[in-house]
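A short write-up of the structure that comes next.
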Amino acid sequence: MSWQVIAAREFQDAVRSRLLWGLVAVVAVVIGLTAVVPLLIPAMNASALTGLGAASEFAAILVPIIALVAAYLAIAGERESGSLRLLLGLEPARSAVVLGKFFGRTAVVVTGLAIGFALASAVAWLAYGSLPLLAFLGTLFLTICLGVSFVGIAVGISAATATRARAMMLGIASYLGLALLWDLLPQGAHLVIEGSPPGGTVPAWFLLLEGLSPSGAYSALVTRTLSAIDPALPGPASLLGGPVPVYLEWWVFMLVLFAWTVVPIVAGYWVFERADLN
């Protein structure tokens, strides 16, 4: 059995279990509502771009939850129930199991995000009367990259753990550490090094440290995308108050997302390959 067959089965199972349509509903409702929030704040110069920016800030919190929930039991759940031994009895390599689970769950998350964002875009278009296509497609692409990164993290955790409880515990820990609490690290470092909390402008190392988590890299990339389309929106140069160093270029943060996708899968596979499933 190849990894492609396993991936196709994973996607079909998600459709039958209504997991995919649940993801679509959550993304469409939450992102659509968040995108119109700037219209409710009189002090903001509300536009479709600021709406996308607001939606992306919430997506940095929401998408990791969606990806982790969709994938954290991909291997651990079947391993605990014993069905994984039946799957391996069909003689796929363990690497094929890990790859199949990753690509299958990735397809679920990507499809859910794409359809959900498409529905949310209709809400934004009705609210603002327009929707800049380039900004929307760029934000959607980056949101998908964020989702894929957390699917990689979840599948890596699932491959490395033997029980549902351990996979859930590590999944919650990864969400708290990488999506919710990571910002405390650069802010604490700024307080120690500079002697004060971050203000109107920040040093370059602060933005780099902030962007070393998947959610931080995603936010950095969305900021660059929207500010490139509308220079009036804050970008890295305005946050730094000067030129942007090479280590804050967009490709650095794309590499961060890529690393958070690949490294957990490789590490999880390394543990899974050596695990005694009996």
Side-chain angles (χ1 to χ4, degrees), residues 1-17 19-20 22-23 63-113 144-179 182 212-215 217-218 254-278:
M1 180 182 290
S2 66
W3 67 263
Q4 293 94 332
V5 174
I6 297 173
R9 191 197 70 170
E10 289 291 308
F11 185 80
Q12 292 164 4
D13 289 347
V15 173
R16 284 195 293 265
S17 70
L19 172 62
L20 174 59
L23 295 181
V63 171
I65 298 176
I66 290 174
L68 288 168
V69 168
Y72 82 101
L73 291 180
I75 297 173
E78 292 191 9
R79 184 173 171 182
E80 186 177 41
S81 68
S83 60
L84 183 60
R85 287 196 294 273
L86 297 177
L87 175 61
L88 291 173
L90 299 175
E91 299 185 351
R94 294 194 186 189
S95 59
V97 173
V98 174
L99 284 177
K101 296 289 187 179
F102 169 69
F103 283 107
R105 298 305 171 103
T106 293
V108 173
V109 171
V110 169
T111 304
L113 288 176
I144 286 173
C145 290
L146 175 64
V148 173
S149 291
F150 272 96
V151 170
I153 292 169
V155 170
I157 289 172
S158 195
T161 52
T163 66
R164 295 169 179 261
R166 291 176 186 172
M168 180 182 293
M169 180 184 67
L170 290 175
I172 293 172
S174 65
Y175 175 72
L176 292 175
L178 297 176
W182 185 273
L212 290 182
S213 72
S215 294
Y218 165 76
M254 287 301 299
L255 285 176
V256 170
L257 287 176
F258 179 77
W260 278 112
T261 304
V262 173
V263 173
I265 294 175
V266 173
Y269 167 70
W270 186 87
V271 176
F272 181 57
E273 179 67 22
R274 289 156 179 76
D276 181 4
L277 302 182
N278 296 318

Exercise for the section: Answer yes or no: is there a donor N or O on one side and an acceptor on the other, between the side chain of Arg94 and the main chain of Ala275, under 3.5 Å? Expected result: yes

Handout entry: Pairing residues for Phe11 by the side chain to side chain contact (heavy atoms under 4.5 Å, CB included) criterion, not counting sequence neighbours
Key = Val15, Leu20, Ala107, Val108, Thr111

Handout entry: Arg166: partners by salt bridge (Lys or Arg N to Asp or Glu O under 4.0 Å), with sequence neighbours left out
Key = none

Problem - Ala76 to Ala167 - nearest heavy-atom pair and separation - result: CB-CB, 3.9 Å

Handout entry: Rounded distance (nearest 0.5 Å) linking atom OG1 of Thr161 with atom CZ of Phe272
Key = 10.5 Å

Practice task
Could you pull out the closest heavy-atom pair between Met254 and Cys145, with the gap in Å?
Solution key: CE-SG, 4.2 Å

Practice task
Only counting residues at least two apart or in another chain, list the ones meeting salt bridge (Lys or Arg N to Asp or Glu O under 4.0 Å) with Arg79.
Solution key: none

Exercise for the section: Give every residue pair that meets the ring pair (Phe, Tyr, Trp, His ring centres under 6.0 Å) criterion with at least one member in residues 144-167, sequence neighbours excluded. Expected result: none

Handout entry: All pairs passing salt bridge (charged side-chain N to carboxylate O under 4.0 Å, His left out) where residues 256-272 contributes a residue, at least two apart
Key = none

Handout entry: With sequence neighbours excluded, residues passing salt bridge (Lys or Arg N to Asp or Glu O under 4.0 Å) with Glu78
Key = Arg9, Lys101

Handout entry: Val271: partners by side chain to side chain contact (heavy atoms under 4.5 Å, CB included), with sequence neighbours left out
Key = Ala160

Problem - With sequence neighbours excluded, residues passing side chain to side chain contact (heavy atoms under 4.5 Å, CB included) with Leu255 - result: Trp251

Fill in the blank from the handout: Contacts satisfying side chain to side chain donor-acceptor pair (under 3.5 Å) that involve residues 254-271 (not counting sequence neighbours) are Ser149-Thr261, Tyr269-Glu273

Handout entry: side chain to side chain donor-acceptor pair (under 3.5 Å): pairs with one or both residues in residues 67-76, sequence neighbours excluded
Key = none

Exercise for the section: Starting at CG of Leu23, measure out to CD1 of Ile65 and round the result to the nearest 0.5 Å. Expected result: 12.0 Å

Exercise for the section: Dump the intermediate steps for side chain to side chain contact (heavy atoms under 4.5 Å, CB included) on Leu212 and Val256, then the final yes or no. Expected result: CA-CA 6 Å; Leu212 290 182; Val256 170; 4.1 Å; yes

Practice task
To the nearest 0.5 angstrom, please state how far the CD1 atom of Ile172 sits from the CD1 atom of Ile157.
Solution key: 10.5 Å

Practice task
Enter the distance from Leu68:CG to Leu170:CG here, rounded to the nearest 0.5 Å.
Solution key: 11.0 Å

Problem - CG-OG distance between Leu146 and Ser213, expressed to the nearest 0.5 angstrom - result: 9.0 Å

Problem - Residues in side chain to side chain donor-acceptor pair (under 3.5 Å) contact with Gln4, at least two apart in sequence or another chain - result: Ser2

Handout entry: Leu178: which of Pro64, Ser215, Pro214 passes side-chain contact (heavy atoms from CB on, under 4.5 Å)
Key = Pro214

Problem - Heavy-atom closest pair, residues Leu113 and Gly147 - result: CD1-CA, 4.4 Å

Fill in the blank from the handout: With sequence neighbours left out, the residues meeting side chain to side chain contact (heavy atoms under 4.5 Å, CB included) with Ile265 are Val98, Phe102

